[in-house]
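Just below is one structure, and these are the notes that go with it.
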Amino acid sequence: MAVDILHELDELLAEQRALYRDLHLQPELSMQEHNTAQRINNELDTLDIEVQRIGGTGVVAVLRNGDGPTIMARADTDALPLSEQTGLDYASKIDGVMHACGHDMHVATLLGAVKVLAAKPQAWAGTYIAVFQPGEEIAAGAQAMLDDGLVEKIPRPEVALAQHVMPTEAGTIGTSAGPILSAGDSLKITVHGQGAHGSMPHNSIDPVVLASSIVLQLQTIVSRETHPGEFAVVTVGALNAGTKSNIIPDRAELLLNLRTYDEAVRERIMKSIERIVHGMCQAAGSPLDPAFAYYDQFPLTTNDAEVNAKVTEAFTEFFGSKAVYQTDPYTASEDFSRLPDAFGIPYTYWVIGSVEAEKYRQAVAEGTVAQNIPANHSPAFAPDIDPTLETGIQTHVVAALAYLAAP
């Protein structure tokens, strides 16, 4: 029973608090998590379990405990290029780098779960695989681990599990069947014109005017081409062209971001973007075809209904029905699902709260959550260590024991 191995965590929590603070102090950017990986290695080496480096800065631990199911749990490890503004006494000491998405908490909670399971082998049976994945923020880490042979190097799991810290009430857990995180795609579009002196616009094909027209026309993809019941976001985050006020440049560059919950909608939006851009360029007399470059592409994260139900039931039994709720899908994106997809196995992904309960409830009552509660990727994002850390360790263990509990 989960309650039997989770009721005496004081000593472990003290260790994990110190670990969390150290990780937060020393964040590392995507695919550069060398010290973080070494710290994870050091923690795991004290447990006398199988540890591998996979995908450069990825670390995998395998706990074998007799016959039984094999499950995989994953935490991401990278930080963001932000300057921290939390005022914490353990704020990042690395200029321009910050754990602003909670990945330090993810590492500390998964390591905590590994320690709990390693210390209590009598409470479960099977194989538990803990994956510490780099490079989530740039959608590169999961693929790097797969390219380095993850599927061949570890036992094949039957199910995969993951969680994420969110700026919701601490001590609560949100689960959902089906899409929980959107697919995300970034796109660079280059459109071409004909440069000229700013005083002689009649000699130009102005790419600034062309790009501006494209930005406006792209808005119709969601407002006029997408069914009102379907979710889609098309954002133009940057439009770059020219160097001087009296020079009409010969090209412009647009940076777009797309979010969808459905593969068919995703494909249709991509085709619509390319159709609109080609058409606008032709109408403007552009001398060259536009160029499209997709990057930072995140897959859809869609939870298996059966796995989600099993884990949600276990959470409800352990935490109580008031702590577990059905969450709406988030428009953020992840590359976690590449791992279970590579094995062809089902998975579920849940969220845990990180904001002191009274503070969060007051913000909800006043309608000021967006204004007063710093969200992920904010330079002010600062999860409350307690009870977030304990909840995160418990959720990992409870979810694991839903499959690995000893008969």
Using modelled atom types only, decide if a donor and an acceptor are shared between the side chain of [X] and the backbone of [Y] within a distance under 3.5 Å.
X	Y	result
Y360	V369	no
T235	G237	no
S286	H192	yes
D250	G193	no
N303	N308	no
S92	I94	yes
T388	P383	no
Q163	I352	no
E28	A79	no
N376	V165	yes

Within the 3.5 Å criterion, strictly below it, is a donor on [X] or [Y] matched to an acceptor on the partner's side chain?
X	Y	result
Q38	R53	yes
D22	Q26	no
E366	Q362	yes
T368	N372	yes
S30	D78	yes
S186	N257	yes
Q194	S204	no
R259	S333	yes
H24	E84	yes
S321	T316	no

Determine, using ring centers only, whether Y20 and H106 are less than 6.0 Å apart.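 They do not qualify: ring centres at least 6.0 Å apart.
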When the ring centroid of Y403 is compared with that of W124, is the distance short of 6.0 Å?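 Ring centres of W124 and Y403 not closer than 6.0 Å.
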I'd like to know whether [atom1] of [X] has more than 12 heavy-atom contacts from other residues, nucleotides or ligands below 6.0 angstrom.
X	atom1	value
D67	CG	no
Q371	CD	yes
Q282	CD	no
K271	NZ	no
E313	CD	no
D95	CG	no

Is there a side-chain contact between [X] and [Y] (heavy atoms, below 4.5 Å)?
X	Y	answer
L80	H99	no
T57	T77	no
E225	I276	yes
N41	V51	yes
R156	T70	no
L29	P81	yes
E158	M72	no
T301	Y330	no

Which of these passes side chain to side chain donor-acceptor pair (under 3.5 Å) with Q133: R74, R338, E33?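 Testing Q133 for a side chain to side chain donor-acceptor pair (under 3.5 Å) against R74, R338, E33 leaves exactly one candidate, R74.
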Search all heavy atoms of [X] against all heavy atoms of [Y] and return the closest pair with its distance.
X	Y	value
W350	T175	CB-CG2, 3.9 Å
P134	M145	CD-SD, 3.9 Å
A75	V107	CB-N, 4.2 Å
L218	V236	CD1-CG2, 4.0 Å
E356	A170	N-CB, 4.5 Å
A293	Y295	O-CD2, 3.6 Å

Could you please spell out the steps behind the side-chain contact (heavy atoms from CB on, under 4.5 Å) verdict for I173 and Y325? CA-CA 6 Å; I173 305 102; Y325 65 95; 5.7 Å; no
Any ion pair linking [Y] and [X] (charged N to carboxylate O, less than 4.0 Å)?
X	Y	result
R39	E43	yes
R268	E230	yes
K359	D384	no

Mind checking the CD-CD1 spacing from E152 to I54? Nearest 0.5 Å is all I need.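 So the CD of E152 and the CD1 of I54 are separated by 9.5 Å.
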Find the distance between CG (L44) and CD (Q52) and round it off to the nearest 0.5 Å.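 So the CG of L44 and the CD of Q52 are separated by 12.0 Å.
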May I have the step-by-step check of salt bridge (charged side-chain N to carboxylate O under 4.0 Å, His left out) for R266 and E263, ending in yes or no? CA-CA 5 Å; R266 175 176 174 265; E263 184 62 27; 2.8 Å; yes
Does K188 make a cation-pi contact with F292, if we ask for NZ or CZ under 6.0 Å from the ring centre and within 45° of the axis?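 No cation-pi geometry.
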Once you measure the plane-to-plane angle for H164 and Y349, does it fall in the parallel (<30°), tilted (30-60°) or perpendicular (>60°) bin?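 Tilted, since the angle between the ring planes falls between 30° and 60°.
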side-chain contact (heavy atoms from CB on, under 4.5 Å) between V355 and T168, intermediate numbers included: CA-CA 6 Å; V355 182; T168 51; over 6 Å; no
